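See below for the structure under consideration.
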There are 4 protein chains.
Amino acid sequence: MSGINKVILVGHLGKDPEVRHLDGGVTVASFPLATSETYNKDGKRVEQTEWHNIVLWRGLAEVASKYLQKGKLVYIEGKLRTRSFEDKEKVKKYVTEIVAENFTMLGRKSDFEQTPAASVPQSTEPKIQDEFTIGPSDENGDLPF
Amino acid sequence: MSGINKVILVGHLGKDPEVRHLDGGVTVASFPLATSETYNKDGKRVEQTEWHNIVLWRGLAEVASKYLQKGKLVYIEGKLRTRSFEDKEKVKKYVTEIVAENFTMLGRKSDFEQTPAASVPQSTEPKIQDEFTIGPSDENGDLPF
Amino acid sequence: MSGINKVILVGHLGKDPEVRHLDGGVTVASFPLATSETYNKDGKRVEQTEWHNIVLWRGLAEVASKYLQKGKLVYIEGKLRTRSFEDKEKVKKYVTEIVAENFTMLGRKSDFEQTPAASVPQSTEPKIQDEFTIGPSDENGDLPF
Amino acid sequence: MSGINKVILVGHLGKDPEVRHLDGGVTVASFPLATSETYNKDGKRVEQTEWHNIVLWRGLAEVASKYLQKGKLVYIEGKLRTRSFEDKEKVKKYVTEIVAENFTMLGRKSDFEQTPAASVPQSTEPKIQDEFTIGPSDENGDLPF
DNA sequence: TTTT
DNA sequence: TTTT
């Protein structure tokens, strides 16, 4: 039977997205995302930051590389995936990544402007989905019941 | 600026899905879903049930009408939408619905069998998405980093 | 068997929180929250805004009334609850509300400053939870608004 | 500024929970959880299973060890945490875990019965939360496994 | 290492 | 109107 594997993050990019083009023309982007939590420990305010490896594919990767930069605040929805790889010393290692399914830019509009003078292009999708998960939902007509 | 409007429910259908075909060939299905919460009140076990109006469009509606029946346990992800309508007395009223974006059948496989003897067709998708949100995600190849 | 009833919203307050003190000293706060979605319709950019009725109890209500104001961006997690009430004409009506379980202020720190000159107190909890979330939630009495 | 770090899983336990009692009397439980996704690849039905390391603290750990067993279906809500440890060869390694904040048992009631003859005690909380979720989460010390 |  |  099937299950649910869902991750919801709101945090800041630790670096600009790094984009790669695989053989076959598929685009992949990735970046670290920080989510911080603040709590009181013995009356002192402690901040704990967690770093997440975000991976985006195809169209999502392209939009991310265009609109997301280091420091920006984003909402990301995706799923967990742990994969193994060999490091330079041929040692098998594991990483857990969040494969993004859609993201939404948060924060001020000005935070997403390329330069102080430029304005965000009309085409900026506030909510961007994986093209294999994407699309308009035009069901805003009134329901017949 | 954009926002997030997400609902996650796990509950039982109160009735079979009710299906309608709008002019233009669009299919809409709807059903009530119960989510119950149990807590202790003065040492007694109290159950509180909340009823949700679930609405599904197009392909999702069709799959729902095929595989979901009264009593079944489902995971539903969607968004909130409040719409107004006029009742028979022409009084304006409001309903809040959950417009489903995808759902997953939970519980035993046998719970989704049509009849004790029949088995669920091979084509039953455990996770079914709105066709405007849908699609295979074949990014299972190894990442180059 | 039990279920899941979870709502996740990121949006802006439409008004300042309205605070009430019930008999028995319980504090309740409420405010409308807007989540907007933008999509393309026939090549044109359309924005659709959904309004949600947010309700907060006890300690959460108090923190909300202190730190949230009209226009602020918040992440809210809670559950759906539909309750009935009688309007002035004694007509039975229904409202669906989101009973908040915790919230996190998003956006610039300066967005949460009381006045341009004041800074957010050290004690501001970035993630604030309903102190009663764990146990029974006895707020099933009718709301006074 | 603060962020959101939330994981929502529905899956089956791969093993019985493993319970440990740390110095100081704190209880920790952990188990692997499988979430499977099925999709069509070239007309063939492919199942992909993802394994998650679930960690529970204190009261949650105790309830988990009592009611969850290998094979059971659960809804788990928690947060991601990546921690480092040294393996037997003193090599620094990283694991990403899901620190549970609450869980709900899904599936038939009979699935949670200890033995065919026994019934689940009246006191079984369908939704069980980490009693410390509200405040500080001081489980940042290294885990003993 | 789960489940269907 | 579901389920336990």
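Per chain, numbering begins at 1; letters A, B, ... match sequence-line order. As the structure is a computational prediction, the values presented were derived from the model and not from experiment.
- Rounded to an integer number of Å, the gap from CE of D:Met105 to P of E:dT3 is 18 Å.
- Counting to the nearest Å, the P atom of E:dT3 and the NZ atom of D:Lys15 are 14 Å from each other.
- One finds the NZ atom of D:Lys79 at 11.5 Å from the CD1 atom of D:Ile4 (value rounded to the nearest 0.5 Å).
- Taking atom CD on B:Glu50 and atom P on F:dT4, their separation rounds to 20 Å, with Å as the unit.
- A stacked arrangement is not assigned to B:Trp51 and the six-membered base ring of F:dT2, the conditions of a centre distance below 5.5 Å and an interplanar angle below 30° not being jointly met.
- Comparing F:dT1, E:dT1, F:dT2 by their closest approach to the side chain of B:Glu47 singles out F:dT2.
- Taking atom CG of B:Leu68 as the reference point, atom P of F:dT3 lies 14 Å away to the nearest angstrom.
- Rounded to whole Å, atom P of E:dT3 lies 7 Å from atom NE2 of D:His12.
- Considering CD of C:Glu97 and CG of C:Asn53, their distance stands at 6.0 Å, rounded to 0.5 Å.
- At whole-Å resolution of the value, OH in B:Tyr75 and C1' in E:dT3 are 18 Å apart.
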| said: I'd like to know whether A:Thr96 forms a side-chain contact (heavy atoms from CB on, under 4.5 Å) with D:Thr82, so could you lay out the CA-CA distance, the side-chain angles of the two residues, the decisive distance to 0.1 Å, and finally the verdict. | reply: CA-CA 9 Å; A:Thr96 298; D:Thr82 300; over 6 Å; no
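- Of the listed nucleotides (E:dT3, F:dT3, E:dT1), E:dT1 has the atom at the smallest distance from the side chain of D:Lys70.
- Protein atom CG of D:Asn53 is 15 Å distant from nucleotide atom P of E:dT1, rounded to whole Å.
- When heavy atoms are screened at a 4.0 angstrom cut-off, D:Thr49 is found touching base atoms of the nucleic acid.
- Ion pair B:Lys6/B:Glu77 flagged as a salt bridge, since at least one NZ, NE, NH1 or NH2 atom sits closer than 4.0 Å to an Asp/Glu carboxylate oxygen.
- Protein atom CZ of D:Phe31 is 14 Å distant from nucleotide atom P of E:dT3, rounded to whole Å.
- Backbone-only engagement by B:Gly71 is indicated by non-hydrogen atom pairs under 4.0 Å involving sugar-phosphate atoms exclusively.
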